[in-house]
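Once you've had a glance at the structure underneath, I'll fire off some questions.
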Amino acid sequence: MEMQYKQEFANALIQVLGEALTEENITVMIEKPKFNSLGDLAFPCFELAKHYRKSPNSIAEEIANKIDLKIAYKVEPVGGYINVFLKKELVSMFTISKILKEGEQYGSSPNTNKVMTIDLSSPNIAKPFSMGHLRSTVIGNSLALIAEKQGYQVVRINHLGDWGTQFGKLIVAYDMWGNEEKVKKSPIKELLALYVKFHVEADSDPTLNDLGRAAFKKLEEGDEGTIELWKWFREESLNEFMKIYDRLGIPFDSYHGEAFYNDKMESVVEELKEKGLLVESDAAQVVEVENFPPCLIKKSDGTTLYATRDLAAAIYRQEKYHFDKSLYVVGNEQTLHFKQLFTVLQKMGYQWQEGMAHVPFGMILKDGKKMSTRKGKVVLLEEVIKEAIQLALTNIEEKNPNLDNKEEIANQVGVGAIIFHDLKSYRLNDIEFSLEDMLRFEGETGPYVQYTHARAASLLKKGNYSFKEDNQPNLLDEEAWPIIKLLFSFPEVIGKALDDYDPSQIAKTLLEISKAFNKYYAAVKILDEDQLYNRLSLVSAVKIVLKEGLNLLGIQAPEQM
RNA sequence: GUCCCAGUAGCUCAGCAGGAUAGAGCAACAGCCUUCUAAGCUGUGGGUCGGGAGUUCGAAUCUCUCCUGGGACGCCA
């Protein structure tokens with residue numbers, strides 16, 4: 001909707017300006033004034049000053065006088081800008097009616113046949129689900145939801161880290177120090193302990209690393225005993241992960257991990273050979289990549305690597321899903337790997353690789369340093385979730401003890417706090433881990449937005465509101481205007497969030513809407529006889545957008561809390 | 001050593017296809033529940049936008065350089 005108003009303003013400018021600037025230029029130059037007193041849209045005349053060789057001030061004045069804009073009640077030149085003041089009643093009515101009519105469809109684009117695969121979460125088997133994997137999981141899931149809203153057919157792929165030398169190491173560790181009963185009792189904890197011990201011991205005895213590599217070779221060659229062990233580790237781990245995905249409410253369409261591609265790599269290696277891309281280097285097989293270090297395809301002992309599996313996976317996914325876009329929500333530190341991967345695919349002649357993108361994100365730091373699984377320096381997500389839910393429950397007992405389904409709401413609020421905390425800041429920022437911040441329910445947090453939504457729901461219930469399509473709401477409250485502006489820009493925010501692969505833009509808008517609404521709530525008596533229908537129409541529109549926005553982040557919007 | 005990312009209030013961050021007076025939240029302090037959920041609202045204090053140079057009518061935003069932190073750099077993923 002916002003675009004429409006800009007467009008109308010741009011058209012009006014063109015009428016006056018003629019060919020001094022192109023339409024496209026004008027549209028991007030239109031900005032939002034920094035202060036409410038300066039109106040709703042603005043056009044800077046400094047560029048034109050060069051063109052006309054006049055002062056920006058006089059140009060602005062000249063244009064403002066000539067401009068004819070139906071949607072504005074005032075067009076005012078100020079300090080070289082042309083400021084447009086939209087007709088509040090008219091725009092409010094349009095905006096609210098549109099949202100109420102469209103409901104949760106507000107901001108949606110029609111379905112397309114375009115397919116987007118998203119590689120997300122992808123935890124490593126036999127390791128605990130860390131805070132780092134949380135980022136990939138919630139960012140990826142939100143992008144999936146946003147893409148669906150924009151009409152994509154989305155395939156969520158959990159590319160489990162269930163293969164690789166790490167398993168050789170783990171198997172060696174288990175053979176040397178493992179205890180079956182202990183592992184059965186608490187698999188993740190015990191396996192992690194073994195993994196950490198392995199690295200501690202390997203520091204003083206490097207031959208352990210050779211043993212690990214040898215064990216992995218056995219695994220890749222199909223040694224039965226080794227495979228049994230691997231299967232067991234994998235299953236126990238997946239069970240643990242499923243608990244977390246259930247809590248977060250995140251579904252997957254595929255759990256094909258790295259191991260799934262074991263029998264699909266040889267043909268890729270053959271293909272690379274046929275296309276003359278594979279070269280030997282220090283007894284390893286590599287593909288040379290311009291401007292980057294070469295991409296390793298096979299180690300000198302003949303076993304495969306991460307890149308080999310990712311190549312096979314990319315080709316498999318294209319064959320199976322025919323994706324138009326394929327995202328990899330994977331940490332910042334793997335940027336080089338993806339550049340290599342995409343380049344190799346390009347050299348193989350696969351045009352579809354143009355639709356692939358690495359969506360990197362910053363690390364979770366502890367004391368300014370990367371958390372390392374190998375040293376056992378991890379924070380367990382499960383513990384954090386439990387604490388958040390517990391805290392939410394305590395809050396409910398204190399603030400709303402008569403609430404019906406306390407457990408369920410506490411779940412939604414606790415989990416919402418964690419997800420929102422992760423999504424509200426730009427994904428490339430590193431995050432210093434802070435339990436205190438994650439468990440904060442006041443200020444710019446998920447629970448704050450949820451609370452605002454619950455307030456709106458409560459008002460609608462008390463006011464017994466229902467929308468009648470033939471009764472156009474008319475809003476006269478000056479205090480409502482900031483809310484209206486945010487509401488009509490929401491569809492553009494969704495579009496930009498997808499273009500930038502950046503859910504934080506939605507989170508930020510939700511915060512702004514919440515702040516504006518709570519301000520309104522404090523200033524205006526909503527359940528007032530005379531204005532009841534008009535005001536509740538606004539409340540209903542706010543509720544719709546908040547709920548839809550939270551849902552796009554993968555967060556529930558409880559009716560009460 | 002080479003390459004990438006970041007540096008804005010005490011803390012966490014927003015603003016960055018250049019634009020009008022650099023904004024929030026937290027923390028601190030002072031107010032607001034006989035009115036619709038106080039997980040809320042209002043107010044106060046707090047800034048050489050890492051340093052320097054350049055481009056421009058105009059730079060937190062673009063370029064260069066330096067400093068600081070982090071990460072990546074063939075047989076891990």
Side-chain angles (χ1 to χ4, degrees), chain A residues 28-29 31 33-35 38 42 44 46-47 49-50 55-56 78-81 83 122 124 161 163-166 169 209 212-213 216 258 281-286 291-301 303-307 309-310 330-337 339-340 360 362-363 365 368-370 373-374 392 395-396 398-400 403 413 417 421 424-426 428-432 434 436-437 440-452 454-455 457-459 461-463 504 508 511-512 514-515 517-528 535 539 560-561:
Chain A
V28 291
M29 280 170 78
E31 45 187 278
K34 271 190 167 172
F35 308 96
L38 298 172
F46 306 98
E47 288 285 325
K50 278 182 218 160
S55 78
V78 177
Y81 284 87
N83 293 331
S122 313
N124 293 324
W163 206 245
T165 307
Q166 52 177 336
K169 293 179 178 176
N209 287 321
R213 276 190 281 271
F216 175 59
E258 297 184 51
S281 162
D282 293 339
Q285 303 290 317
V286 308
N291 305 322
F292 301 113
C295 180
L296 257 81
I297 302 297
K298 274 197 162 186
K299 291 189 271 193
S300 48
D301 67 0
T303 58
T304 60
L305 284 132
Y306 185 37
R309 267 160 255 145
D310 265 358
V330 180
N332 210 357
E333 66 273 25
Q334 289 190 37
T335 300
L336 177 62
H337 164 73
K339 280 182 181 159
Q340 292 174 322
M363 283 170 298
L365 306 176
K369 292 265 157 58
K370 186 183 178 181
T373 313
R374 284 177 303 180
N395 274 314
I396 290 170
E398 187 186 310
K399 294 165 203 258
N400 200 354
L403 195 64
V413 173
H421 174 261
K424 77 172 171 184
S425 50
Y426 182 55
L428 274 170
N429 293 345
D430 287 344
I431 295 182
E432 174 67 29
S434 159
E436 202 188 331
D437 278 355
R440 185 162 277 145
F441 291 176
E442 291 162 16
E444 297 178 324
T445 65
Y448 172 70
V449 178
Q450 289 174 317
Y451 176 74
T452 310
R455 268 186 154 178
S458 166
L459 287 167
K461 205 172 160 195
K462 285 205 167 142
S504 78
K508 279 162 200 152
L511 286 172
E512 284 182 53
S514 299
K515 282 183 205 174
F517 180 74
N518 281 319
K519 212 175 240 196
Y520 179 73
Y521 182 98
V524 174
K525 165 105 176 151
I526 294 166
L527 294 178
D528 169 79
R535 288 183 179 156
V539 173
Q560 299 175 58
M561 62 186 271

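Chain identifiers are assigned alphabetically (A, B, ...) following the order of the sequence lines, protein sequences preceding nucleic acid strands; residue numbering begins at 1 within each chain.
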Original post:
B:A17: syn or anti, with syn meaning chi within 90° of zero?
Top reply: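 You should classify B:A17 as syn.
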**OP:** Taking side-chain contact (heavy atoms from CB on, under 4.5 Å) as the test, write out the residues that go with A:Asn83, two or more places apart.
**Re:**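 Testing A:Asn83 for side-chain contact (heavy atoms from CB on, under 4.5 Å), a comparison that skips the adjacent residues, returns A:Leu38, A:Ala42, A:Val78, A:Tyr81, A:Phe85.
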Subject >> Whole angstrom value for the distance that separates P of B:C4 from CD of A:Gln340 >> reply: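 For the pair A:Gln340 CD and B:C4 P, the rounded distance is 15 Å.
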Subject >> Whether A:Phe35 stacks on the six-membered ring of B:U21 base, 5.5 Å and 30° limits >> reply: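 Stacked: ring centres under 5.5 Å, planes under 30°.
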Subject >> Pairing residues for A:Leu336 by the side-chain contact (heavy atoms from CB on, under 4.5 Å) criterion, not counting sequence neighbours >> reply: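 So A:Leu336 forms a side-chain contact (heavy atoms from CB on, under 4.5 Å) with A:Phe292, A:Pro293, A:Gln340.
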Original post:
What nucleic acid atoms does A:Ile396 come within less than 4.0 Å of, heavy atoms only: base, sugar-phosphate, or nothing?
Top reply: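 Base contact.
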**OP:** Would you mind checking if A:Lys508 and A:Glu444 are paired as a salt bridge, meaning a charged N to carboxylate O distance below 4.0 Å?
**Re:**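 No salt bridge links A:Glu444 with A:Lys508.
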Original post:
The side chain of A:Val286 lies closest to which of these nucleotides: B:G74, B:G71, B:A39?
Top reply: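 Of the options given, the side chain of A:Val286 lies nearest B:G74.
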**OP:** Could you work out which one of B:A39, B:A77, B:U35 sits closest to the side chain of A:Val413?
**Re:**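 Nearest to the side-chain atoms of A:Val413, counting from C-beta on, is B:A39.
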Subject >> Shortest side-chain distance from A:Arg455, nucleotide among B:C41, B:G40, B:C75 >> reply: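 Selected nucleotide (nearest to the side chain): B:G40.
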Subject >> Proximity to the side chain of A:Tyr426 - top-ranked nucleotide from B:C57, B:A39, B:A14 >> reply: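 Out of B:C57, B:A39, B:A14, the nucleotide with an atom closest to A:Tyr426's side chain is B:A14.
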Subject >> Nearest-nucleotide pick for A:Lys515, side chain only, options being B:C76, B:C75, B:A24 >> reply: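 Of the options given, the side chain of A:Lys515 lies nearest B:A24.
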**OP:** Rounded off to whole Å, could you give me the NZ-to-P distance for the A:Lys424 and B:U12 pair?
**Re:**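 The distance from NZ of A:Lys424 to P of B:U12 comes to 12 Å, rounded to the nearest Å.
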**OP:** Using the test salt bridge (Lys or Arg N to Asp or Glu O under 4.0 Å), find all partners of A:Asp301 that sit at least two apart in sequence or belong to another chain.
**Re:**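 Salt bridge (Lys or Arg N to Asp or Glu O under 4.0 Å) list for A:Asp301, sorted by chain: empty.
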Original post:
Which one, B:G15, B:C57, B:A39, comes nearest to the side chain of A:Lys508?
Top reply: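 Per side-chain heavy atoms of A:Lys508, the pick is B:G15.
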**OP:** Could you run through RNA chain B and flag its stems, i.e. three or more consecutive Watson-Crick or G-U pairs with both distances under 3.5 Å?
**Re:**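 B:1-7 with B:67-73, B:10-13 with B:23-26, B:28-32 with B:40-44, B:50-54 with B:62-66 - these are the stems of 3 or more pairs that involve RNA chain B.
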**OP:** Give a yes/no on whether any side-chain N or O of A:Arg309 is located under 4.0 angstrom from OP1 or OP2 of B:A77.
**Re:**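 True: A:Arg309 side-chain N/O within range (under 4.0 Å) of B:A77 OP1/OP2.
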**OP:** Check salt bridge (Lys or Arg N to Asp or Glu O under 4.0 Å) between A:Arg440 and all other residues, then give those that pass, not counting sequence neighbours.
**Re:**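 Scan of A:Arg440 (salt bridge (Lys or Arg N to Asp or Glu O under 4.0 Å), adjacent residues dropped) gives A:Glu436, A:Asp437.
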Subject >> Quiz item: A:Asn83 side-chain donor-acceptor pair to B:A20 base, under 3.5 Å >> reply: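 Such a pair is found, so the answer is yes.
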**OP:** Please list, chain by chain and in numerical order, all residues satisfying salt bridge (Lys or Arg N to Asp or Glu O under 4.0 Å) with A:Lys298, sequence neighbours excluded.
**Re:**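 So A:Lys298 forms a salt bridge (Lys or Arg N to Asp or Glu O under 4.0 Å) with A:Glu266.
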